[in-house]
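This structure is a prediction, so every number in the text was calculated from the model and none was measured. In what follows, residues are counted from 1 in the order of the sequence shown.
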Amino acid sequence: CGSTGRIYISAYYKAEAVPSVIMALDAGNGDFVAEYRLYNGDGSPFTSHVGGLAVAGDNLYVSAKLDQEGSYSLALIPLSSLSATGSHNLTIEKTVPLPVSPSFLNCSQGILWVGNFYHPSANYGLSTGMNFTTETADGNYGCYILGYDLGRSDALSAGPEGFPIPDYVLVAPDRIQGMVACDDGTV
């Protein structure tokens, strides 16, 4: 990430008692510089998939898991809370509910993009917040990529359904693992 000089990599365990981890590498030389073991506010291990990471402004955005109400969420970690070096426990203090499972994240041109992995034949179905597909000439698509304009102060504030209202909604074929929005507007 240009603003921090770091490359962030996520990892998770399938075991319930082991927290997910974010590692930081020096962007200039690739050296390992820090590790952050993630915990929930109640002290329990944060065992989310953490498959998506994006840095925007003063925050590191992290894919979070299904909560007790059946909603997926996005964790916001202030960059200022990430110690420069060493191995540290880090408590997730803030999450934002989302209508899709946040399998991948990207921030491009001030837009935070959040997308779900959809592969129904492998039991990766739709989230309860967006339990429908979009018919296209190529079939029914269920991968949704939501864009939130972080230039708006209320970009991640809850709307009437309890989720932030996206500024953009893209539909994509199944089995998408990530995306990039280019300066010319192509995705």
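- Under the side chain to side chain contact (heavy atoms under 4.5 Å, CB included) criterion, Thr186 pairs with Cys182, Asp184, sequence neighbours left out.
- With hydrophobic clusters built from ILVMFWY side chains whose heavy atoms lie under 4.5 angstrom apart, Leu90 shares a cluster with Val55.
- Side-chain atoms of Ser103 do not come within 3.5 Å of backbone N or O of Asn116 as any donor-acceptor pair.
- At most 12 non-hydrogen atoms from other residues, nucleotides or ligands lie less than 6.0 angstrom from CG of Asp58.
- For Ala34 against Ser83, the heavy-atom pair with the smallest separation is CB-O, 4.0 Å.
- One hydrophobic cluster, built from ILVMFWY side chains closer than 4.5 Å, cannot hold both Met23 and Tyr39; they sit in different ones.
- No donor-acceptor pair under 3.5 Å is formed between the side chain of Thr47 and the backbone N or O of Ser20.
- In terms of heavy atoms, Ala64 sits closest to Phe46 at CB-CZ, 3.8 Å.
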Exercise for the section: Assess whether side chain to side chain contact (heavy atoms under 4.5 Å, CB included) is satisfied between Leu79 and Asn59, documenting all intermediate values. Expected result: CA-CA 5 Å; Leu79 290 172; Asn59 291 305; 5.7 Å; no
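- Within the 3.5 Å criterion, the main-chain N or O of Pro45 finds a donor-acceptor partner in the side chain of Asn40.
- In this structure, the salt bridge (charged side-chain N to carboxylate O under 4.0 Å, His left out) partners of Arg37, at least two apart in sequence or on a different chain, are Glu35.
- Among the candidates Val114, Val169, Leu170, the single residue satisfying the side chain to side chain contact (heavy atoms under 4.5 Å, CB included) test with Tyr144 is Val169.
- Note on Leu146: it clusters hydrophobically with Val171, by side-chain heavy-atom contacts below 4.5 Å among ILVMFWY residues.
- Test Ile111, Asn106, Leu112 against Ser108 for side chain to side chain contact (heavy atoms under 4.5 Å, CB included) and you get one pass: Asn106.
- Taking the ring centroids of Trp113 and Tyr168, they lie under the 6.0 Å cut-off.
- Neither Leu150 nor Ile165 shares a network with the other; the hydrophobic side chains, linked directly or stepwise wherever heavy atoms of I, L, V, M, F, W or Y lie under 4.5 Å apart, form separate groups for each.
- For Ser10 (side chain) and Val50 (main-chain N/O), a donor-acceptor pair under 3.5 Å exists by modelled atom type.
- A distance-only check finds no donor-acceptor pair linking the side chain of Asp167 to the backbone of Tyr148 [under 3.5 Å].
- Both Val100 and Leu76 are members of a single hydrophobic cluster when ILVMFWY side chains are connected at heavy-atom separations under 4.5 Å.
- Smallest separation of non-hydrogen atoms from Ala24 and Arg6: CB-NH1, 3.7 Å.
- Of all non-hydrogen atoms in Gly28 and Asp26, the two that sit nearest each other are N-OD1, 2.7 Å.
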